[in-house]
Visitor: 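This is the structure I want to talk about, given as structure tokens.
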Amino acid sequence: MPLVIMKFGGSSLSDASKMKLVASRIIAKKNIGNKNKVVVVVSAPGDVTDELLEMANKITSNPPGREIDVLLATGEMISISLLAMTINSIGEKAVSLTGPQAGILADINYTRARVKKINPKKINSLLSKNNIVIVAGFQALNSKGDITTLGRGGSDLTAVVLAAKLKADLCEIYSDVEGVYTTDPRLVKDAKKLEYISYDEMLEMAGSGAQVLQSRSVEVAKKFCVEIHARSTFSKNHGTIITNEKKIRRKKMEEPLISGITFDKNQIKFTIVDLPDIPGVAAKIFGSLAKIGINVDMIIQSAAVNKKNDISFTVSGRKEVKKMQRELDKIALEFKASQVVCDEHVAKISIVGIGMKSNAGVAGKMFEIIYKNGINIEMISTSEIKISCIVNEMNMVKAVKELHKGFGLSKREAV
Ligand code: ASP
Ligand code: MG
């Protein structure tokens, strides 16, 4: 009998009527054709995880990770129990399992634990007795016997690791969007749903603003060749298949130049001017930022002139500007740099596509479209399948729309 993993996000579980809809989709999947074994993974309902974090923050600004994990794990436990009750009330057999009960074992890092091993005995025994098994996503057990969580969005990871371990025939991730789009349909009306996207493109898109799947879950899916079908709870339409590049290349006659455009309007840019051109400067700057927990995104160092150069970098998220500013002022003083300039009004636009690998001129085309719209590019960075530009945030929407049009994504039929 085929085995299916179905994962439902918090927005699909935020009230009783949505729970009933989810239950009916699960039951339909179980009873279709020659019948399926079904393992369901759920997130906490609605915004419960954020609400729980707020409760903790009202008590202390520095809660212990162990207790945060105990607190956050309760969110997913609301979902598993209510969903099992819903399915039972419709007359099908369903059993809820916490992450530890489901045999998901992780390392000892609280709040961002890594899955080490899965012991699927209990899941398999419940499946063999014809139960729908409902597992709490995002949580695991560590070697100290404590409950831990797998980082924000970690229910996706639970679904993928279970799909890999149980050798599932299908891994479906349900949310309130129909799949992965060429760009955000809220911004560009004629954005198109992609039929397929490769793991690498998905990772680049997730890392540059698209919020469909947790990045770690895509990395694990790639490693274990778990094909993911990202689709909507509220529609019967086919969503987007996230799979390997070879399979996509086999399906398509000709590669589109790019698959998607992402954006991040939450960027902040720093430039340290007139740094000495000596070894150890970059190590000091980025080492110090890492120590205070700042995750740097793009970095550019200019070539030295008169033994001096500038270093610019961006960070995604504007919350900790003051903290960064203080740290950089200290470094500037130490190296006698002339100034630290901060610009909080920048945005990042990225184009992503495996088609870039075999086509020259994609970068030139991107810059030309941006230039023709009178927009200045402040920073550029590239990878094998992604080109990112920093522009003034005022110009972000226009640039995204024009790039979407210019690369032919608006006109595409089946993508
Ligand atoms: N509830 C957790 C979160 O909000 C895990 C998840 O939804 O995947 O991050
Ligand atoms: Mg989520």
Side-chain angles (χ1 to χ4, degrees), residues 5-15 18-19 22 26 39-57 63 65-84 96-102 104 106 109-115 118 134-142 146-164 171-177 179-180 202-203 206-207 209-221 226 228-234 239 242 295 316-317 319:
I5 307 281
M6 301 172 86
K7 183 259 165 177
F8 292 90
S11 55
S12 307
L13 301 160
S14 52
D15 60 39
K18 287 186 183 156
M19 284 265 177
V22 166
I26 294 168
V39 175
V40 179
V41 176
V42 288
S43 291
D47 297 324
V48 164
T49 308
D50 289 325
E51 287 159 17
L52 291 168
L53 279 173
E54 258 168 50
M55 286 165 77
N57 283 330
R66 182 185 184 280
E67 305 312 329
I68 281 290
D69 280 351
V70 174
L71 178 68
L72 294 191
T74 62
E76 272 65 19
M77 285 162 70
I78 299 173
S79 297
I80 52 168
S81 50
L82 290 179
L83 188 57
S96 68
L97 295 179
T98 63
Q101 285 175 318
I104 300 171
N109 287 313
Y110 297 107
T111 73
R112 48 170 198 285
R114 293 193 162 259
V115 177
I118 294 172
I134 304 175
V135 179
F138 177 54
Q139 51 181 255
L141 184 72
N142 70 14
D146 289 340
I147 199 158
T148 55
T149 62
L150 309 176
R152 295 306 303 268
S155 301
D156 292 342
L157 183 63
T158 305
V160 172
V161 293
L162 284 177
C171 178
E172 296 183 317
I173 297 201
Y174 289 82
S175 68
D176 53 2
V177 293
V180 183
M202 193 66 237
L203 282 169
Q211 290 174 334
V212 183
L213 293 171
Q214 188 215 31
S215 294
R216 269 173 65 196
S217 72
V218 182
E219 279 164 23
V220 174
V226 173
I228 299 173
H229 183 184
R231 59 189 309 187
S232 166
T233 306
F234 307 104
I242 297 123
N295 217 340
S316 181
K319 274 197 208 133

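Counting starts at 1 for both ligands and their atoms, following the listed order.
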Visitor: Taking N or O atoms only and a 3.5 Å limit, does Lys7 qualify as a polar contact for ligand 1?
Guide: no

Visitor: N/O of Gly153 under 3.5 Å from N/O of ligand 1, yes or no?
Guide: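 Yes - when backbone and side-chain N and O of Gly153 are compared with those of ligand 1, one distance drops under 3.5 Å.
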
Visitor: List the residues meeting side chain to side chain contact (heavy atoms under 4.5 Å, CB included) with Ser79, not counting sequence neighbours, and say none if there are none.
Guide: Leu13, Val42, Pro45

Visitor: If we set the cut-off at 4.0 Å for heavy atoms, which region of Gln214 has an atom near ligand 1: side chain, backbone, both, or neither?
Guide: neither

Visitor: Taking a cutoff of less than 4.0 Å between a non-hydrogen atom of the residue and any ligand atom, is Gly154 in contact with ligand 1?
Guide: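 Distance cut 4.0 Å: Gly154 passes for ligand 1.
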
Visitor: Using a 3.5 Å cut-off on N or O atoms only, is Thr49 in polar contact with ligand 1?
Guide: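 Yes.
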
Visitor: List ligand 1 atoms under 4.0 Å from Ser43, heavy atoms only on the residue side.
Guide: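 The atoms of ligand 1 under 4.0 Å from a heavy atom of Ser43 are 6 (C), 7 (O), 8 (O).
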
Visitor: If the cut-off is 4.0 Å to any non-hydrogen atom of Arg152, which atoms of ligand 1 fall inside it?
Guide: 3 (C), 4 (O), 9 (O)

Visitor: Return the set of residues passing side chain to side chain contact (heavy atoms under 4.5 Å, CB included) with Ala113 (not counting sequence neighbours), or none when no residue passes.
Guide: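 Ala113: side chain to side chain contact (heavy atoms under 4.5 Å, CB included) contacts with Ala106, Asp107, Thr148, Leu150.
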
Visitor: Does the Glu76 side chain pair with the main chain of Ala44, one donor and one acceptor, at a distance under 3.5 Å?
Guide: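 A pair under 3.5 Å: yes.
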
Visitor: Would Lys7 and Tyr174 satisfy side chain to side chain contact (heavy atoms under 4.5 Å, CB included), going step by step from the backbone distance to the final call?
Guide: CA-CA 6 Å; Lys7 183 259 165 177; Tyr174 289 82; over 6 Å; no

Visitor: In this structure, are over 12 heavy atoms from other groups packed under 6.0 Å from Asn295 atom CG?
Guide: no

Visitor: Using only atom types and a distance under 3.5 Å, with no angle test, would you say the side chain of Thr74 pairs donor to acceptor with the backbone of Val70?
Guide: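 Here the side-chain-to-backbone pair does not exist.
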
